[in-house]
Amino acid sequence: METPTDEHGKLSEPFLTSSPSKGGFRTLPFILAMEAFERVAIVGITTNMIVYLTGEFGMETATAANVIFVWSAATGFTPIIGAFIADSYMGKYPMIGIGTIIGFLGMILLWSTAMIPQARPYCDQFNTICEAPTIPQLVLLYFSLGLISIGAGGIRSPFMAFGVDQLDERNNSHSFFNWCYVTLMFSSLIAVTLIVYIQDNMGWKMGLGVPVMLMFLSAVSFFLASSFYIKLKPKASLLTGLTQVIVASFKNRHIELPSHATNEVYYVREGSMLQVPSEKLRFLNKACMIKNPQEDLTSKGNASNPWSLCTIDQVEDLKALIRVMPLCSAGIILSVTVNQGSLMVIQAGTMDRHVTSNFEIPAASFSLFMMISVVVWIAFYDQIALPLASKIKGKPVRLGLKQRMGIGLLCSCASMVASAFVECTRRKIATEEGFSDEPQAVVHMSALWVLPFYVLAGLSEAFNAIALIEFCYSNLPKTMSTIAANVSGLGGFTGNLVASLITSMVDNVTKKGGESWVSSNMNKGHYDYYYCLLAGLSMLNFVYFLVCCKAHGPCHGDNENEAENSGLGDHESIDDC
C-alpha cells in the first residue's frame with residue numbers, strides 16, 4: 001500500500017482528485033512500451049539460450065538446462081522481492097527506474113560474451129570440439145544473467161500497479177489490464193519469431209545486440225514521461241504484517257488460549273468486521289491475544305509492539321494464505337513439465353524443420369505454438385464452449401476452478417507422454433540412419449511432431465494457470481490482491497528449481513551405468529525415459545492435487561451457495577469448486 005503525496009508533501013487522493021497535469025491515459029503508452037521492450041529482450045534470449053550455452057560455451061545439455069532453470073527461477077522470484085521492496089521502502093517509480101538500468105547493464109555484459117572472443121571458450125562447432133569455460137568466463141556469464149534477473153524483478157513487480165496509479169475513477173483500469181495482456185502476448189510472439197530468427201541467421205553478436213538496444217529503449221520509454229507520472233510514497237507492506245503474525249505467535253507460543261473467545265481477549269482493529277479469530281490454525285491466534293492491556297496497548301489503543309501483538313485481521317490474512325498454499329504447490333510439477341521447452345529446442349533442431357524448400361522454422365520458434373494454443377483455447381472456451389453448454393443446459397454453466405486446475409495438470413502429464421513417444425521414434429530413426437555418433441545430424445522426421453507437446457503445454461497453462469490466479473483472488477482477502485498474484489506465480493519459480501534438481505539427479509544417476517539419459521548426444525541418451533519419468537511424477541502430482549482439494553473443501557470462487565446469496569441461483573457450475 002502507498003500514500004499519494006503532492007510536491008509540497010500534502011496528502012492527495014489520485015483516484016478521486018488527482019491533478020490533470022499528472023497521470024492519466026497519456027502516461028500508459030510509455031509504461032506499456034517500457035514493459036514491451038523489456039519482455040521482447042528477455043524472452044528473446046531465454047527461448048534460445050540453451051543453443052547459446054551448448055554451442056558457444058560448450059556446456060553439456062544437462063548443465064545448460066540447469067543454468068536456464070536456475071536463471072528462470074531467479075527471474076520469477078525477483079519480482080516477489082521487488083514488490084516487497086517497492087511497497088515497503090522505495091516506491092514503484094524508483095523500483096522500475098532502477099530495474100531498467102540494471103537490466104540494461106546485464107544485457108550489455110551478456111552481449112560482451114558474444115562480442116569479445118576472450119569472454120567465451122573456444123568452440124569449433126564443425127568438429128564439436130570445445131574448450132571448457134574458465135572461471136572468469138563463467139563469472140561474467142552468470143553475473144550478466146543475475147543482473148538481467150534483478151532488472152526484470154524491478155520492472156515486472158510494480159509495473160501493472162504503477163499503471164493503475166496513473167488512473168482515477170474517471171478512467172477504466174480494466175482496459176489497462178487488457179492492454180497489458182495484449183502487450184505481453186504480442187511481445188512474446190515477436191521474441192520467439194523475430195529475435196530467434198536473428199540469432200539463428202545473423203549470429204549471436206547481432207542476436208544479443210538487438211536485446212541490448214531493446215533494453216535501452218525500455219529505459220528511455222519509461223523515463224521520457226517521468227514529469228507526468230503520479231508517484232506514490234511507500235507505506236507498510238502487507239508482507240510485513242504477515243511476518244509480524246509469525247513472529248508474534250512464536251513469541252507467545254507458551255500462552256494458553258481461552259476456551260471461549262471474546263473481543264476483550266483479542267486485539268481488534270478499529271472498524272474491523274472481525275471480532276474474534278477463527279478456530280482454524282488456532283495456534284496463530286496467540287499472535288492477536290492481549291496478555292496485559294496496560295503493557296500491550298498504548299493510551300490510544302494501538303499495539304505497543306506490532307511484533308508481539310497483531311490484529312485479528314492480520315492473523316486471518318495469514319490463515320487464508322496458508323490455506324491456498326497446498327493447492328498452489330500442485331502447480332510446481334506442472335511448471336517443471338512446461339519448462340522442458342529448452343530441451344525441445346535441442347530436439348527440434350535435429351528434425352526436419354522446413355516449411356518450404358527455402359524456409360525452415362527456427363527450433364526455438366516452436367514455442368510460438370504454445371502461445372497460440374493458449375489464445376485459441378481461451379477464445380474458444382469463452383466465446384463458443386460456455387455459450388453452447390449454457391444453451392444446452394438452459395442456464396449459465398462453467399467449469400469449476402478446481403476442475404480447470406485438474407484438467408491443466410492432466411494436460412501437462414499428457415504433454416510428457418507425447419514427448420516421450422516422439423523422442424522414442426526420433427531416436428529410433430536416428431539410429432537406423434546411422435547418426436548415433438552425430439548429435440547435430442538432421443533425421444528424416446518432421447519437426448511438426450513436437451507440436452503435441454507445445455499444444456498440450458499451452459492447454460495446461462490455459463486451464464491451470466488462469467484458474468489458479470482466479471482461485472487465489474477469490475480465496476484471499478481483497479487486501480491481499482497483490483500477494484494473490486505473486487502466490488499464483490510461486491509455482492513457476494519453484495518449478496524451475498525442482499526441474500534443475502530433477503535434471504541433475506537423473507544425469508548423475510543414469511550416467512553411472514553408461515550414457516546419461518540427458519546426454520548431450522540425444523541419439524545416445526534416453527530423453528524418452530526422462531520424459532516418462534516426468535509423466536509419472538505428473539500423475540503422482542495429480543493424486544496429490546486431489547488430496548489437497550479434499551482437504552481444502554469448497555472454495556469461494558465456485559460456491560453455489562455464494563451464487564444464491566448474490567442472487568445468481570440459476571447459475572450452474574459443473575463443479576462446486
* Residue pair L451, L448: steps toward the side-chain contact (heavy atoms from CB on, under 4.5 Å) verdict -> CA-CA 5 Å; L451 290 188; L448 295 179; 3.9 Å; yes
Would you confirm whether [X], through its side chain, and [Y], through its main-chain N or O, come within 3.5 Å as a donor-acceptor pair?
| X | Y | value |
| --- | --- | --- |
| T356 | F359 | yes |
| E423 | H526 | no |
| T113 | L109 | no |
| T75 | W71 | yes |
| S72 | I68 | yes |
| T503 | A499 | yes |
| S520 | T61 | yes |
| Q340 | V336 | yes |
| S519 | E515 | no |

* To do: Test side-chain contact (heavy atoms from CB on, under 4.5 Å) on F453 and M416 and set out the steps.
  => CA-CA 7 Å; F453 164 77; M416 288 294 96; 3.4 Å; yes
May I ask you to check whether over 12 heavy atoms, not counting those of [X], lie within 6.0 Å of atom [atom1]?
| X | atom1 | answer |
| --- | --- | --- |
| I384 | CD1 | yes |
| Y544 | OH | yes |
| M505 | CE | no |

Atom [atom1] of [X] and atom [atom2] of [Y]: how far apart are they, to the nearest 0.5 Å?
| X | Y | atom1 | atom2 | answer |
| --- | --- | --- | --- | --- |
| C472 | L468 | SG | CG | 4.5 Å |
| N339 | N496 | CG | CG | 4.0 Å |
| L456 | M370 | CG | CE | 10.0 Å |
| L110 | L105 | CG | CG | 12.5 Å |
| M215 | I148 | CE | CD1 | 8.0 Å |
| C532 | L537 | SG | CG | 11.5 Å |

Please examine the side chains of [Y] and [X], heavy atoms only from C-beta on, and report whether any two atoms are closer than 4.5 Å.
| X | Y | result |
| --- | --- | --- |
| R427 | T350 | no |
| R39 | R156 | yes |
| F69 | L497 | no |
| F542 | I333 | no |
| I155 | E35 | yes |
| I45 | Q199 | yes |
| F77 | I80 | yes |
| I50 | T54 | yes |

Before we go on, tell me: are the rings of [X] and [Y] under 6.0 Å apart, centre to centre?
| X | Y | answer |
| --- | --- | --- |
| F435 | H444 | no |
| Y530 | W517 | no |
| Y52 | W204 | yes |

* Apply side-chain contact (heavy atoms from CB on, under 4.5 Å) to the pair E470 and R404, showing each step before the final yes or no. => CA-CA 11 Å; E470 292 182 31; R404 286 157 58 192; 2.9 Å; yes
In terms of relative ring orientation, are [X] and [Y] parallel, tilted or perpendicular, with 30° and 60° separating the classes?
| X | Y | value |
| --- | --- | --- |
| Y531 | Y527 | tilted |
| Y381 | F463 | perpendicular |
| Y454 | F366 | parallel |

* Asked: V43 pairs by side-chain contact (heavy atoms from CB on, under 4.5 Å) with which of V196, V192, I195, I190?
  ->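 Exactly one candidate clears the test, V192.
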Contact summary for [X] and [Y], nearest pair of heavy atoms:
| X | Y | value |
| --- | --- | --- |
| C413 | M539 | SG-CE, 3.8 Å |
| N48 | V345 | OD1-CG1, 4.1 Å |
| A191 | V40 | CB-O, 3.5 Å |
| R353 | A363 | NH1-N, 3.5 Å |
| M325 | L321 | CG-O, 3.1 Å |
| M344 | S419 | CE-OG, 3.0 Å |

* To do: Show the numbers, then the answer: is there a ring pair (Phe, Tyr, Trp, His ring centres under 6.0 Å) between H552 and F471?
  => CA-CA 12 Å; H552 182 273; F471 172 78; 5.3 Å; yes
Report yes or no: do [X] and [Y] form a side-chain donor-acceptor pair below 3.5 Å?
| X | Y | result |
| --- | --- | --- |
| D507 | N66 | no |
| N464 | S460 | no |
| T425 | W449 | no |

* What residue among W111, F216, F37 forms ring pair (Phe, Tyr, Trp, His ring centres under 6.0 Å) with F104? -> F216
* Should the pair K524-D437 be classified as a salt bridge under the 4.0 Å nitrogen-to-oxygen rule? ->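 Counted as a salt bridge, because a side-chain N and a carboxylate O are separated by less than 4.0 Å.
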* Asked: Are the charged groups of E56 and R120 less than 4.0 angstrom apart, N to O?
  ->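 Salt bridge present between E56 and R120.
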* Test log, rule side-chain contact (heavy atoms from CB on, under 4.5 Å), inputs I407 and C411 -> CA-CA 6 Å; I407 293 173; C411 286; 4.2 Å; yes
